[in-house]
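Following: one structure in structure tokens, then a few remarks.
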Amino acid sequence: SRGQQSNTRKILKSENRTDTQYDNTARFDGQRVGKLKIATWNVRGIVEKTEELQKELMKRKIDIAILTETKKKNKGSEDIGHYVMIYSGVPANQWASSGVAVVVRKDWKHKIRDYTWISDRIIETRIKVLNRNFTIVGVYAPVEGKEQATEDFYRELQQSIDKIPKTENIIVAGDFNGRIGNQPIPECIGTYGEQVMNYNGETLRDFCAFNKLKITNSFYRHKDIHKF
């Protein structure tokens, strides 16, 4: 059941920073099985930043990165230095203001089982590492103040989550444009968020609680500047 999988179904929430990174040692069935280093980065346009991006990822020894607000059109994949980028954006004839991508170490390219372009805000990549199957869901939520767009986004995201086999280890990461407050929910939200909560943050809380997902960066301390 999802309750039994709650220790492996985790959500990594970006804090609208360009240097957010998570260094998690994966634990399954009570055993430490290895280290998976994941980063999120709101790049505010990727076209002229690919060299900078791959250098930064190499410097920080990132395994997998989720890029948001890429403003890259169409859908596809391409190599960028020592990484492979799988991206999803708007059609070529539309103005690009969103876009999301998952970047994986090139030497792990053969570990990618498949990937799915959901929309210009949601992308899925399935990969087998650490002897486990992971589904990486990269997301870029609408900005605060667009409640209908936010509802549509979470409806589509929920439909995607529902299709993932229960045996998969899910990591949802990206930019949720949400402020979740510091009111804890057991096994879901910790006490190290900021005091403010907005509509996007409240929606994110509901989504995580419903799916038994954990907002991991609410379980450890941050500098105040890194909380929103």
Side-chain angles (χ1 to χ4, degrees), residues 5 8-14 20-24 26 28 33-43 46 49-50 53-54 56-58 60-90 96 98-141 153-154 156-176 207-208 211 213-216:
Q5 293 293 327
T8 59
R9 290 174 172 260
K10 298 181 178 180
I11 188 164
L12 304 183
K13 172 179 170 291
S14 165
T20 303
Q21 66 180 59
Y22 304 88
D23 188 356
N24 291 330
F28 302 96
V33 297
K35 184 174 290 187
L36 182 62
K37 198 167 188 180
I38 297 177
T40 67
W41 192 348
N42 186 316
V43 293
I46 189 62
K49 299 177 182 177
T50 53
L53 169 68
Q54 73 100 8
E56 190 69 19
L57 296 181
M58 287 289 293
R60 296 176 180 268
K61 299 180 180 179
I62 301 300
D63 298 316
I64 299 172
I66 288 76
L67 310 180
T68 59
E69 200 177 348
T70 60
K71 300 182 181 179
K72 187 173 179 65
K73 296 183 179 183
N74 297 320
K75 303 171 182 178
S77 64
E78 63 182 61
D79 292 343
I80 50 172
H82 295 281
Y83 291 84
V84 57
M85 178 174 68
I86 304 161
Y87 60 91
S88 183
V90 298
S98 53
V100 64
V102 176
V103 178
V104 181
R105 285 168 40 181
K106 189 180 288 186
D107 60 341
W108 281 7
K109 190 174 182 177
H110 67 286
K111 298 179 182 291
I112 299 174
R113 291 150 51 206
D114 59 77
Y115 46 86
T116 305
W117 302 295
I118 308 297
S119 70
D120 59 316
R121 292 186 178 276
I122 305 172
I123 188 171
E124 288 183 8
T125 300
R126 282 159 287 280
I127 186 170
K128 186 172 184 178
V129 293
L130 307 178
N131 294 317
R132 302 284 171 166
N133 293 322
F134 289 87
T135 295
I136 311 295
V137 185
V139 301
Y140 178 45
F153 166 80
Y154 275 100
E156 189 169 41
L157 180 58
Q158 185 63 56
Q159 291 172 352
S160 299
I161 294 294
D162 289 341
K163 295 176 183 178
I164 299 173
K166 300 294 191 296
T167 54
E168 290 280 298
N169 301 292
I170 300 176
I171 297 175
V172 186
D175 187 347
F176 291 88
F207 171 78
C208 292
N211 289 288
L213 298 169
K214 179 178 290 186
I215 303 181
T216 56

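Side-chain atoms are counted along with the backbone in the values below, which use heavy atoms only and exclude waters and symmetry mates.
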- Query: Counting N and O atoms only, with roles assigned by atom type, does the side chain of Asp79 sit under 3.5 Å from a partner on the main chain of Val84, one being a donor and the other an acceptor?
  - Reply: no
- Is there a donor-acceptor contact under 3.5 Å from the side chain of Thr135 to the main chain of Ile170? no
- Note on the structure: Sequence neighbours excluded, the answer for ring pair (Phe, Tyr, Trp, His ring centres under 6.0 Å) partners of Tyr154 is Phe207
- Message: Tell me if the CG atom of Asp114 is crowded by more than 12 foreign heavy atoms within 6.0 Å.
- Response: yes
- Does NZ in Lys111 sit with more than 12 non-hydrogen atoms of other residues, nucleotides or ligands closer than 6.0 Å? yes
- Message: Distance check, rounded to the nearest 0.5 Å: Ser98 atom OG versus Asp175 atom CG?
- Response: 12.0 Å
- Hey, is the main chain of Leu53 close enough, under 3.5 Å, to the side chain of Tyr83 for a donor-acceptor pair? no
- Message: Checking Ile127 against Tyr115 for the side chain to side chain contact (heavy atoms under 4.5 Å, CB included) test, could you report, in this order, the C-alpha distance in whole Å, the side-chain angles of both residues, the deciding distance, and whether it holds?
- Response: CA-CA 9 Å; Ile127 186 170; Tyr115 46 86; over 6 Å; no
- Nearest heavy-atom contact between Gly174 and Thr40 is N-CG2, 3.7 Å
- Does Lys72 come within less than 4.0 Å of Glu78, counting only side-chain N to carboxylate O? yes
- Residue pair Ile66 / Tyr140, side-chain heavy-atom distance below 4.5 Å: no
- Side-chain contact test, heavy atoms from C-beta onward, threshold under 4.5 Å: evaluate it for Tyr87 versus Ile123 and give yes or no. no
- Note on the structure: One should read off an interatomic distance between Thr125 OG1 and Ile86 CD1, to the nearest 0.5 angstrom, of 4.0 Å
- Message: List the residues meeting ring pair (Phe, Tyr, Trp, His ring centres under 6.0 Å) with Trp108, not counting sequence neighbours, and say none if there are none.
- Response: none
- Task: Give a yes or no answer on whether the side chain of Ser160 reaches the backbone of Glu156 with a donor-acceptor pair at less than 3.5 Å.
- Result: yes
- Query: Is atom NZ of Lys106 surrounded by more than 12 heavy atoms (other residues, nucleotides or ligands) closer than 6.0 Å?
  - Reply: yes
- Message: Using the side chain to side chain donor-acceptor pair (under 3.5 Å) criterion, which residues pair with Thr116? Sequence neighbours excluded.
- Response: Arg126
- Of Lys35, Arg105, Lys37, the residue whose pairing with Asp63 passes side-chain hydrogen bond (donor to acceptor under 3.5 Å, both in side chains): Arg105
- Query: If you measure from CD1 on Ile80 to CD1 on Ile46, what distance do you get to the nearest 0.5 Å?
  - Reply: 6.0 Å
